[in-house]
Amino acid sequence: MAATICSHIEAITDIRYPERRVCEECAKIGATWVHLRTCQTCGATLCCDSSPNRHATKHAHASGHPVIASAEVGERWLYCYPHDAFAEY
Ligand SMILES: [Zn+2]
Ligand SMILES: [Zn+2]
Ligand SMILES: [Zn+2]
């Protein structure tokens, strides 16, 4: 994956971490998830694209919030949907 930095990722100075280690949307409907992502605009914690409901991607498209971070322990990266940009931090 190319280490392209976009303006959205460059604008992030403080990484937002999950308050609770659950997908907020899956928790409401009793669904399961694989990995967690945290929206860097509103702080919502949602599930990844390997999860059945792909809530992080749905949230990004519905809200226009561009950047998510991995909420997995040991993973330190950001991803921007509109630019398809990925950066480690
Ligand atoms: Zn971007
Ligand atoms: Zn979910
Ligand atoms: Zn958001």
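Both counts, for ligands and for their atoms, begin at 1 and track the order of listing.
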Open item on the list: Using 0.5 Å steps for rounding, measure from the CZ atom of Arg37 to the CH2 atom of Trp77.
Closed with: 3.5 Å
TODO: Can you tell me, to 10 degrees, how wide the angle at the Zn ion (ligand 1) is between ND1 on His83 and SG on Cys80?
DONE: 120°
- [ ] Round to 10° and report the angle made at the Zn ion (ligand 3) by ND1 of His65 and NE2 of His59.
- [x] 100°
Open item on the list: For Glu10, I'd like to know if atom CD has over 12 heavy atoms of other residues, nucleotides or ligands within 6.0 Å.
Closed with: yes
Task: N, O or S atom within His55 nearest to the Zn ion (ligand 2), by name - done: ND1
Open item on the list: Given 3.5 Å as the limit, does a donor-acceptor pair link the side chain of Glu72 with the main chain of Leu36, or not?
Closed with: yes
Open item on the list: Parallel, tilted or perpendicular: which one describes the rings of His83 and His8, with boundaries at 30° and 60°?
Closed with: tilted
Task: Atom name, His8 (N, O or S, nearest to the Zn ion (ligand 1)) - done: ND1
